[in-house]
Amino acid sequence: MKNLESREDIELLVNSFYDKVVKDETIGFFFKDIIKVDWDKHLPKMYSFWETILFGQMSYKGNPMAVHFPINQIEAMAKKHFEKWLELWKQTIEENFTGQNASMAITKSENIANLMAYKMEMARKM
């Protein structure tokens, strides 16, 4: 186990996480069937997103919430989906990393998952 401390560590984390996601029955279909992710574009965005969140590098440009609303209109992104996302994320961190940034990655992901689940639910009620 090592500290989560570099862009290379984030790349390992994100790649390992999405390896789990695409195999998962609860959320994998969003990536494979609904949005048909272009991994060559998506993964670098996620590296930058987490680099910005964890290290303050400001390398991410975008609005993650806005990206998810159209998906939510096609297929409801429910609390259970965000719970599974969070479970896989935490599992991946705990398998690979330790330390303050690993803990922060879990805390930040919990906040993100809760906010996203709430906003997606509210959007479906409008």
Side-chain angles (χ1 to χ4, degrees):
M1 299 285 268
K2 66 180 295 288
N3 287 330
L4 177 57
E5 58 192 6
S6 68
R7 170 101 178 184
E8 292 76 23
D9 292 339
I10 288 174
E11 290 177 13
L12 172 65
L13 171 59
V14 168
N15 291 341
S16 300
F17 168 69
Y18 280 110
D19 285 346
K20 289 178 173 55
V21 165
V22 296
K23 296 174 189 166
D24 186 81
E25 293 180 12
T26 305
I27 60 174
F29 75 96
F30 280 106
F31 297 87
K32 294 183 290 186
D33 303 326
I34 304 295
I35 56 176
K36 297 176 176 69
V37 169
D38 179 344
W39 295 106
D40 291 334
K41 290 182 181 176
H42 185 68
L43 292 173
K45 283 182 189 175
M46 294 300 93
Y47 307 151
S48 293
F49 176 81
W50 285 105
E51 184 178 44
T52 298
I53 295 290
L54 296 176
F55 306 144
Q57 292 296 324
M58 305 309 282
S59 59
Y60 177 75
K61 307 278 188 269
N63 182 339
M65 196 67 68
V67 172
H68 288 81
F69 284 124
I71 301 164
N72 191 49
Q73 290 178 335
I74 297 167
E75 180 73 33
M77 298 178 83
K79 185 167 179 63
K80 70 177 182 176
H81 299 120
F82 291 101
E83 288 170 349
K84 177 52 82 169
W85 176 87
L86 189 57
E87 175 189 327
L88 295 174
W89 180 253
K90 287 180 180 179
Q91 182 183 76
T92 307
I93 291 170
E94 291 167 355
E95 289 170 355
N96 293 283
F97 299 101
T98 190
Q100 183 178 354
N101 286 334
S103 295
M104 186 168 48
I106 290 173
T107 300
K108 296 281 188 176
S109 67
E110 291 168 340
N111 293 336
I112 290 166
N114 289 330
L115 180 62
M116 295 280 286
Y118 174 76
K119 291 222 174 193
M120 294 303 119
E121 181 181 344
M122 290 298 103
R124 288 191 306 276
K125 291 181 177 181
M126 297 175 123

Q: Check whether Phe69 and Phe30 end up in the same hydrophobic cluster, where Ile, Leu, Val, Met, Phe, Trp and Tyr are linked by side-chain heavy atoms less than 4.5 Å apart.
A: yes
Q.
Grouping I, L, V, M, F, W and Y whenever their side-chain heavy atoms are under 4.5 Å apart, do Met65 and Val67 come out in a common cluster?
A. no
Which atom pair, heavy atoms only, marks the closest approach of [X] to [Y]?
X: Ser59; Y: Arg7; result: OG-NH1, 4.0 Å
X: Ala66; Y: Pro70; result: O-CD, 3.1 Å
X: Asn3; Y: Gly99; result: OD1-CA, 3.6 Å

For atom [atom1] of [X], decide whether the heavy atoms of other residues, nucleotides or ligands shown that lie under 6.0 angstrom number more than 12.
X: Gln100; atom1: CD; answer: no
X: Lys45; atom1: NZ; answer: no
X: Met1; atom1: CE; answer: yes

Q.
Does the plane of the ring in Phe49 sit parallel, tilted or perpendicular to the ring in Tyr60? Use 30° and 60° as the thresholds.
A. perpendicular
Q. Are any of the side-chain heavy atoms of Val37 and Val22 separated by less than 4.5 Å?
A.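 When only atoms from C-beta onward are counted, Val22 and Val37 do not touch, as no gap falls below 4.5 Å.
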Q.
Quick one, His68 and Asn72 - any side-chain contact, counting heavy atoms below 4.5 Å?
A. no
Quick one: [atom1] on [X] to [atom2] on [Y], what's the gap to the nearest 0.5 Å?
X: Ile10; Y: Glu5; atom1: CD1; atom2: CD; result: 11.0 Å
X: Ser109; Y: Leu54; atom1: OG; atom2: CG; result: 9.5 Å
X: Thr98; Y: Leu4; atom1: OG1; atom2: CG; result: 10.0 Å
X: Leu43; Y: Ser48; atom1: CG; atom2: OG; result: 11.0 Å
X: Phe17; Y: Trp50; atom1: CZ; atom2: CH2; result: 8.5 Å
X: Phe29; Y: Ile34; atom1: CZ; atom2: CD1; result: 5.5 Å

Q) Which pairs count as side chain to side chain donor-acceptor pair (under 3.5 Å) when at least one residue sits in residues 28-43, sequence neighbours excluded? A)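 Those involving residues 28-43 are Tyr18-His42.
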Q: Sorted by first residue and then second, give each side chain to side chain donor-acceptor pair (under 3.5 Å) pair with at least one member in residues 110-119; sequence neighbours left out.
A: Lys90-Glu110
Q. Step by step, would you call Ile106 with Glu94 a side-chain contact (heavy atoms from CB on, under 4.5 Å)?
A. CA-CA 9 Å; Ile106 290 173; Glu94 291 167 355; 3.9 Å; yes
**Q.** Verdict with reasoning, Leu13 to Asn96, per side-chain contact (heavy atoms from CB on, under 4.5 Å)
**A.** CA-CA 7 Å; Leu13 171 59; Asn96 293 283; 5.5 Å; no
Please set out all donor-acceptor pairs under 3.5 angstrom arising from side-chain atoms of residues 73-82, sequence neighbours excluded.
{"from": "His81", "atom 1": "ND1", "to": "Ala78", "atom 2": "N", "distance (Å)": "2.9"}

Q. Can you check side-chain contact (heavy atoms from CB on, under 4.5 Å) on Phe55 and Asn101, steps first, answer last?
A. CA-CA 9 Å; Phe55 306 144; Asn101 286 334; 3.4 Å; yes
(Q) What verdict does the side-chain contact (heavy atoms from CB on, under 4.5 Å) test give for Asn15 and Tyr47, after you've listed the backbone C-alpha separation in whole Å, the side-chain angles of each residue and the deciding distance to 0.1 Å? (A) CA-CA 9 Å; Asn15 291 341; Tyr47 307 151; 2.6 Å; yes
Q: Would you confirm whether Asp24, through its side chain, and Val21, through its main-chain N or O, come within 3.5 Å as a donor-acceptor pair?
A: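 Not at all, since once roles are kept as given, no pair shorter than 3.5 Å links the two residues.
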